[in-house]
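Okay, structure first, notes after.
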Protein chains: 2
Amino acid sequence: MVKPVAPDSEFTIRELAHEFGVTPRTLRFYEQKGMINPDRRGAARIYSAADRARVELILRGKRVGFALDEIKEILDLEAIDRGGRERLEPAIDRFVGRIEVLKRQREDVERAIAELQAGLDWMRERLEDRTPPDDVRRRARAFEALAQARLDPWSGVSAG
Amino acid sequence: MVKPVAPDSEFTIRELAHEFGVTPRTLRFYEQKGMINPDRRGAARIYSAADRARVELILRGKRVGFALDEIKEILDLEAIDRGGRERLEPAIDRFVGRIEVLKRQREDVERAIAELQAGLDWMRERLEDRTPPDDVRRRARAFEALAQARLDPWSGVSAG
DNA sequence: TCACAAACTTACGCGAACGTCAACGTCAAA
DNA sequence: TTTGACGTTGACGTTCGCGTAAGTTTGTGA
């Protein structure tokens with residue numbers, strides 16, 4: 001899925017944009033924000049394998065919900081490293097924080113998948129014009145309750 | 001983490017907003033978009049347990065990257081159901097699509113966690129003023145390469 | 001040498017998701 | 001009765017992540 005490329009590879013802006021399914025404008029925008037800085041051949045941008053890798057990380061970062069500024073911070077690890085201990089320590093803290101956010105995100109994604117799957121099963125039963133079997137009903141209960149904007153009395157409420 | 005509440009619970013806008021870490025303005029905004037419609041006591045909004053559950057789903061949907069309009073569609077499952085087959089089928093397709101997106105996202109999150117963890121280990125070794133051990137170096141290699149914006153010749157490139 | 005595609009810069013625009021006033025109503029405590 | 005705290009409805013402002021011209025330059029093939 002992620003093609004490895006030779007480290008001496010070079011790409012035009014259009015090539016790279018097309019590969020990642022974005023527009024050239026997007027890559028220029030990232031550059032303007034200081035997230036990448038490709039070499040120039042004349043005025044034209046020429047992207048290296050490292051630039052390509054950075055773009056890849058930027059886009060994955062976006063997909064998991066990070067803002068561009070946050071991704072930039074991650075990419076600036078090099079500068080942090082050269083800055084010595086006083087810059088390294090808070091950076092470590094922020095990294096730890098980000099990882100925690102991601103772990104929560106992982107749970108959210110799991111739950112969202114389960115919820116959509118429950119709704120999906122329910123809809124499919126309806127499509128077959130059947131009354132959903134009990135297990136499907138159970139899994140879809142929360143979803144159905146949401147859809148109907150009402151709750152059965154105390155259904156599924158565990159004490160505590 | 002997610003408190004279950006009695007189905008006859010009621011909440012003011014401020015209570016609910018505070019519980020979920022948003023502002024009242026946010027809840028009014030969702031209502032204006034037709035995603036919730038709490039009862040009124042006079043002019044004041046009064047939120048039920050079902051409303052609360054919907055808000056919960058909205059916010060989780062947001063965290064996993066759905067747009068509000070998409071979340072609205074999910075919440076409108078009831079209307080879809082009452083719409084009969086011709087509305088149900090395309091809705092099922094979109095649900096399937098959303099689930100696929102989420103599964104890809106799950107992979108992205110895993111990779112992002114691994115990357116940040118690699119970067120973190122690397123930084124911690126630097127902080128200890130030690131040369132990171134080989135395994136850490138290996139895991140952090142891609143990250144370090146990004147940070148330094150250069151790549152060792154053909155490192156880790158599996159022929160393909 | 002000319003044409004033409006593809007790059008460039010500059011700059012304004014836009015939709016999403018709220019924030020932030022402003023101006024007003026309501027209700028309980030002092 | 002006045003003072004707040006909390007609620008309401010507009011309506012405009014803001015930030016993010018680019019889209020979209022407009023006009024210019026650069027490079028390559030005929």
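Between B/T26 and the phosphate of C/dA17, there is no side-chain N or O to OP1/OP2 separation shorter than 4.0 Å. Residue A/T12 places none of its side-chain N or O atoms closer than 4.0 Å to OP1 or OP2 of C/dA6. Of the side-chain N and O atoms in A/R28, one or more sit less than 4.0 angstrom from OP1 or OP2 of C/dC8. OP1 or OP2 of C/dA17 has not a single side-chain nitrogen or oxygen of B/Y30 nearer than 4.0 Å. Close to D/dC16, at under 4.0 Å from its OP1 or OP2, lies no side-chain N or O of A/K62.
At a threshold of 4.0 angstrom between heavy atoms, the contacts of B/R14 are confined to the sugar-phosphate backbone, with no base atom among them. Among the atoms of the strands shown, none is found under 4.0 Å from any heavy atom of A/R41.
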Legend entry - Chi angles and distances behind the salt bridge (charged side-chain N to carboxylate O under 4.0 Å, His left out) call for B/E107, B/K103: CA-CA 7 Å; B/E107 291 173 24; B/K103 288 187 175 173; over 6 Å; no
Inset, instruction - May I have the step-by-step check of salt bridge (charged side-chain N to carboxylate O under 4.0 Å, His left out) for A/R124 and A/E128, ending in yes or no? - result: CA-CA 6 Å; A/R124 282 186 167 144; A/E128 310 259 322; over 6 Å; no
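Summarising the geometry, the separation between CE on B/M35 and C1' on C/dC18 is reported as 13 Å, rounded to the nearest angstrom. As a whole-Å value, the separation of A/R45 CZ from D/dT26 P is 14 Å. Look at CG on A/L16: it is 16 Å from C1' on C/dA6, rounded to the nearest Å. Note: CD (B/E31) to P (C/dC18) measures 15 Å, nearest angstrom. Atom CG in B/L59 sits roughly 13 Å away from atom C1' in C/dC18 (whole-Å rounding). Spacing between atom CD of B/Q32 and atom C1' of D/dA11 amounts to 11 Å, rounded to whole angstrom units. Atom C1' of nucleotide C/dG15 and atom NZ of B/K72 are separated by 18 Å, given to the nearest angstrom. Atom CD1 of A/I46 is separated from atom C1' of C/dC8 by 15 Å (rounded to the nearest Å).
For B/F29, the side-chain atoms get nearest to C/dA17 when compared with the rest of D/dG7, C/dA17, C/dA7. Looking at the side chain of B/L68, the nearest of the listed nucleotides C/dC18, D/dT9, C/dT9 is C/dC18.
Taking every heavy atom of both residues into account, A/M35 and A/K72 meet most closely at CE-N, 3.9 Å.
Residue A/A43 is the one, among B/R25 and A/A43, whose nearest nucleotide of DNA chain C lies closer to the 5' end (criterion: closest heavy atom). Toward the 5′ end of DNA chain C lies the nearest nucleotide of B/D69, the other residue of the pair B/T23 and B/D69 mapping further downstream.
Not counting sequence neighbours, the partners of A/L127 by the side chain to side chain contact (heavy atoms under 4.5 Å, CB included) test are B/R85, B/L88, B/E89, B/I92.
Without hydrogens or angle criteria, B/D76 side chain to B/E73 main chain gives no donor-acceptor distance under 3.5 Å.
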